[in-house]
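If you scroll down you'll find the structure; I have some questions about it.
Since the structure is predicted, the reported quantities are computational estimates derived from the model, not experimental observations. Both backbone and side-chain heavy atoms feed into the values below; hydrogens, waters and symmetry mates do not.
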Amino acid sequence: RLILASASPRRRQLLQQIGYEPECIAAEIDEQARSSEPADALVRRLARSKAMVVWRSQVESQCRTQQLPAGPDPAPLIIVGADTVIELDGDLLGKPLDRRHGLAMLQRLSGREHSVFSGVCVITGDAAASCIEPDVQQLCVRTRVRFGQIAATQAEAYWDGGEPAGKAGGYAIQGAAAQFVAHLSGSYSNVVGLPLYETHALLARALSSADPPA
């Protein structure tokens, strides 16, 4: 079983794009950054926290199941947790609060380079063997994105189209915000929400360790 510890349709679509079909279980955690916590440390911590919340829920569920009549052996679990933040001048840009905030965010990004950090955590184990610690793999990927100049009328039209609401940094690169991108260095899928090359490498190792020997 492959579980994505997220309700994000974008992350699910990205995994589907490279051949995976995950279950999705949202992980409710406190996503606030700690004092002076750098972006790379934040996304690693949050990705791991999301994956661990879902792992523990599955262990608890399996423990309850073991009280019932025996069934087939449960499949090994692989859980993917991820988190993405945008950093500009040392500040983390979250989701815009309203139209005014969103427009101000776009103007701040205009003509500037910012960084997109994603943390990915993959947990592999047998939820039935709750006394055995699962295998945990983690990584962080950084992509640099430079926007061209964004005119006020462009920013207003973009916001009024509805796409930026609910997006970190106030934009979605896979949509109409592509018109703002002058240069990108690194993983494109990372900016969408999940670095696919690196995530696939983690999953390949997890699947290899989960497969029983022939």
Q: Kindly indicate, with the supporting measurements, whether the criterion side-chain contact (heavy atoms from CB on, under 4.5 Å) is fulfilled by V141 and V120.
A: CA-CA 8 Å; V141 175; V120 181; 5.9 Å; no
Q: Using side-chain hydrogen bond (donor to acceptor under 3.5 Å, both in side chains) as the criterion, list what pairs up with Q137, not counting sequence neighbours.
A: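 In terms of side-chain hydrogen bond (donor to acceptor under 3.5 Å, both in side chains), with neighbours along the sequence ignored, Q137 is linked to R205.
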Q | Partner set under side chain to side chain contact (heavy atoms under 4.5 Å, CB included) for A26, not counting sequence neighbours | A |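 For A26 the side chain to side chain contact (heavy atoms under 4.5 Å, CB included) partners, ignoring immediate neighbours, are A7, E28.
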Q: Treating Ile, Leu, Val, Met, Phe, Trp and Tyr as nodes and any side-chain heavy-atom pair under 4.5 angstrom as an edge, say whether L106 and V145 lie in one connected cluster.
A: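 Cluster IDs for L106 and V145 match.
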Q: State, yes or no, whether a side-chain contact exists between Q17 and Q13 at a heavy-atom distance under 4.5 Å.
A: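 No; the side chains remain at least 4.5 Å from each other.
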Without placing hydrogens or testing angles, list every side-chain donor-acceptor pair under 3.5 Å for residues 33-42, not counting sequence neighbours.
{"unit_1": "E37", "atom_1": "OE1", "unit_2": "R34", "atom_2": "N", "d": "2.8"}
{"unit_1": "E37", "atom_1": "OE1", "unit_2": "R45", "atom_2": "NH2", "d": "2.9"}
{"unit_1": "E37", "atom_1": "OE2", "unit_2": "R45", "atom_2": "NE", "d": "2.8"}

(Q) Between I150 and Y171, is the side-chain contact (heavy atoms from CB on, under 4.5 Å) condition met? List the steps. (A) CA-CA 12 Å; I150 304 174; Y171 77 91; over 6 Å; no
Q.
Can you list everything that forms a side chain to side chain contact (heavy atoms under 4.5 Å, CB included) with E21? Sequence neighbours excluded, please.
A.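 With neighbours one apart ignored, the set is R12, Q16.
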Q) Taking everything shown except H200 itself, do over 12 heavy atoms lie less than 6.0 Å from its NE2? A)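 No, the 6.0 Å shell around NE2 holds no more than 12 heavy atoms from other groups.
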Q.
Is any side-chain heavy atom of L2 closer than 4.5 Å to one of L203?
A.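 Yes - at least one pair of side-chain heavy atoms lies under 4.5 Å apart.
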Q. side-chain hydrogen bond (donor to acceptor under 3.5 Å, both in side chains) with S185: which residues, sequence neighbours excluded?
A.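 Once residues adjacent in sequence are excluded, S185 has no partner under the side-chain hydrogen bond (donor to acceptor under 3.5 Å, both in side chains) criterion.
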(Q) Applying side-chain hydrogen bond (donor to acceptor under 3.5 Å, both in side chains), can you list everything that pairs with D135, at least two apart in sequence or on another chain? (A)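 With sequence neighbours excluded, D135 shows a side-chain hydrogen bond (donor to acceptor under 3.5 Å, both in side chains) to no residue whatsoever.
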**Q.** I18 side chain near T199 side chain, heavy-atom distance below 4.5 Å
**A.**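 A side-chain contact under 4.5 Å is absent here.
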Q.
Main chain of P195, side chain of S187: is a donor-acceptor contact present, judged purely on distance under 3.5 Å?
A.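 No.
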Q) A176: what forms a side chain to side chain contact (heavy atoms under 4.5 Å, CB included) with it, not counting sequence neighbours? A)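 So A176 forms a side chain to side chain contact (heavy atoms under 4.5 Å, CB included) with Y158, E163, Q179.
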Q. Going through the checks in order, is the side-chain contact (heavy atoms from CB on, under 4.5 Å) test met by L184 and I173?
A. CA-CA 11 Å; L184 183 148; I173 196 171; 3.6 Å; yes
Q. Applying salt bridge (charged side-chain N to carboxylate O under 4.0 Å, His left out), which residue pairs with at least one partner in residues 147-161 are found, sequence neighbours left out?
A.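 Listed once each, the pairs are R99-D160.
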Q: Output yes when a side-chain donor or acceptor of E113 lies under 3.5 Å from a complementary backbone atom of R144, and no otherwise.
A: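 A pair under 3.5 Å: no.
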Per-pair distances, 0.1 Å, donor-acceptor, side chain in residues 79-93, under 3.5 Å, sequence neighbours excluded:
{"unit_1": "D83", "atom_1": "OD1", "unit_2": "K50", "atom_2": "NZ", "d": "2.9"}
{"unit_1": "T84", "atom_1": "OG1", "unit_2": "R11", "atom_2": "NH2", "d": "3.2"}
{"unit_1": "T84", "atom_1": "OG1", "unit_2": "S118", "atom_2": "OG", "d": "2.7"}
{"unit_1": "T84", "atom_1": "OG1", "unit_2": "G193", "atom_2": "O", "d": "3.4"}
{"unit_1": "D89", "atom_1": "OD1", "unit_2": "R112", "atom_2": "NH2", "d": "2.6"}
{"unit_1": "D89", "atom_1": "OD2", "unit_2": "R112", "atom_2": "NH1", "d": "3.4"}
{"unit_1": "D89", "atom_1": "OD2", "unit_2": "R112", "atom_2": "NH2", "d": "3.2"}
{"unit_1": "D91", "atom_1": "OD2", "unit_2": "R108", "atom_2": "NH2", "d": "2.6"}

Q) Can you list the residues that meet the side chain to side chain contact (heavy atoms under 4.5 Å, CB included) rule with A182, with sequence neighbours excluded? A)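 Partners of A182 by the side chain to side chain contact (heavy atoms under 4.5 Å, CB included) criterion, ordered by chain and then number, come out as R146.
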Q) Is there a side-chain contact between Q174 and Y188, using heavy atoms and a 4.5 Å cut-off? A)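 Sidechains of Y188 and Q174: in contact.
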(Q) Just to verify, what does Q149 make a side-chain hydrogen bond (donor to acceptor under 3.5 Å, both in side chains) with, not counting sequence neighbours? (A)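 Only S110 meet the side-chain hydrogen bond (donor to acceptor under 3.5 Å, both in side chains) criterion with Q149.
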**Q.** Pairs meeting criterion salt bridge (charged side-chain N to carboxylate O under 4.0 Å, His left out) with involvement of residues 190-203, two or more places apart
**A.**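 Pairs touching residues 190-203 that pass the test: none.
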Q | Minimum heavy-atom distance Q107-A155, with the two atoms named | A |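 Looks like NE2-CB, 3.8 Å.
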Q. Shortest non-hydrogen contact from I29 to S49?
A.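 Shortest heavy-atom contact: CD1-CB, 3.9 Å.
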